[in-house]
Number of protein chains: 2
Amino acid sequence: ESKVVSGVAFSRDEAKVTLTQVEDRPGIAAAIFGPLADAGINVDMIVQNISDEGHTDMTFSCPVEQVKRAEKAVNEARDRGEISFAGLVADTDVAKVSVVGIGMRSHAGVAAQMFKALSAERVNIKVITTSEIKISVLIDRKYLELAVQALHDCFELEKAG
Amino acid sequence: ESKVVSGVAFSRDEAKVTLTQVEDRPGIAAAIFGPLADAGINVDMIVQNISDEGHTDMTFSCPVEQVKRAEKAVNEARDRGEISFAGLVADTDVAKVSVVGIGMRSHAGVAAQMFKALSAERVNIKVITTSEIKISVLIDRKYLELAVQALHDCFELEKAG
Ligand SMILES: C[C@@H](O)[C@H](N)C(=O)O
Ligand SMILES: C[C@@H](O)[C@H](N)C(=O)O
């Protein structure tokens, strides 16, 4: 029910970076995020879905202004032979929108409502990541205002801004 | 630093279900999670990475005992023509392990440490999803004890159990 959801959060200047087709074996995630940490990248979301034929994609989000530095750190790790990937896809036109709640344990219902509200506005969901208290998606930045309003309406929240 | 991490959480009887190659267009996520909510599935993690040629994989985790019911709900949605997917992959041999912290905003450092600790034990990371306060991974259940111990050691935490 909408009481479960306490707010909508968003981050306008988000970017996502994806290393496509990294090897799905122990040590690879560490070999990607070690250099990113050393480079001072403020990683927010980290998303890895299941692998296919021993490879998977690794996506992370960070502030738009850190993308170049993040790509450099990842490319240098590859140049040192620490990781390999098919491609490095940076997208600086996304925004992050999240629905925040308490005890969203049975949150298929909240997730379904959130996704339905976005689809009603034809906003495409590009990446999804969740925790018990937060369902976050990345969408095209141009839809941010529309998405935030739709979610406030859906969950009957007062818009703060 | 390890003060940022306050604990290690885990869920032993987790399962993951992946719908491979769903269409990446508005309405699909809602069409998957609506039926799951109606079927009373306790969805915990939801993971969607970027799409490739208009398709992407959708993964969610739920209790092992709900997998059959979840698969049924998803198959029925497909039979009604509401969604399409290439395959439905259920994995009942995973466990969820999370590192919990406050203000892990610059959490590339914490993530790197977590991933390094798991790789040192040769534990493969199958799925990753994050929020500011939690980095969660799915691993093979047989490594759960090992993973939890490794993370407690890495972050210098007292083991509760
Ligand atoms: C892909 C990456 O997560 C790999 N499975 C690892 O364990 O590091
Ligand atoms: C794949 C799914 O998330 C789709 N992009 C949607 O918006 O519903």
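Just the heavy atoms: all of them, side chains too, but no hydrogens, waters or symmetry mates, feed the values below. Labels below follow one simple rule: chain letters A, B, ... track the order of the sequence lines, proteins then strands, and each chain is numbered from 1.
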Heavy-atom donor-acceptor pair, A:T129 side chain to B:T129 backbone, under 3.5 Å: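 Side chain of A:T129 to backbone of B:T129: no pair is present.
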Heavy-atom check, side chain of B:I135 versus side chain of A:F33, under 4.5 Å: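 A side-chain contact is absent here, since even the closest heavy-atom pair is not under 4.5 Å.
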Any residue of residues 47-86 of chain A which, by heavy atoms, sits under 4.5 Å from chain B: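 Expected list: A:V47, A:Q48, A:N49, A:I50, A:D57, A:M58, A:T59.
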Inter-chain contacts: residues 11-25 of chain B against chain A, heavy atoms under 4.5 Å: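 Only B:K16, B:T18, B:D24, B:R25 of residues 11-25 of chain B have a heavy atom under 4.5 Å from chain A.
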Residues of residues 119-128 of chain B with any heavy atom under 4.5 Å of a heavy atom in chain A: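 Expected list: B:S119, B:R122, B:V123, B:N124, B:I125, B:K126, B:V127, B:I128.
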Distance-minimising heavy-atom pair for B:A112 and A:A37: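 Looks like CB-CB, 4.5 Å.
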A:V43 and B:T130: CA distance, side-chain angles, deciding distance, side chain to side chain contact (heavy atoms under 4.5 Å, CB included) verdict: CA-CA 10 Å; A:V43 168; B:T130 57; over 6 Å; no
ILVMFWY cluster, [X] and [Y] together (side-chain gap under 4.5 Å):
| X | Y | answer |
| --- | --- | --- |
| A:V100 | A:I102 | no |
| A:F10 | A:L118 | yes |
| B:V89 | B:V94 | no |
| A:V4 | A:F115 | yes |
| A:V148 | A:Y143 | yes |

A:K134 side, atom NZ; B:E132 side, atom CD - distance, nearest 0.5 Å: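 It is 3.5 Å, given to the nearest 0.5 Å.
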Segment of B:I28 engaging chain A (4.5 angstrom heavy-atom cut-off):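 Neither part.
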Test side-chain hydrogen bond (donor to acceptor under 3.5 Å, both in side chains) applied to B:S98 - qualifying residues, sequence neighbours left out: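 Checked B:S98 against side-chain hydrogen bond (donor to acceptor under 3.5 Å, both in side chains); matches are B:S136.
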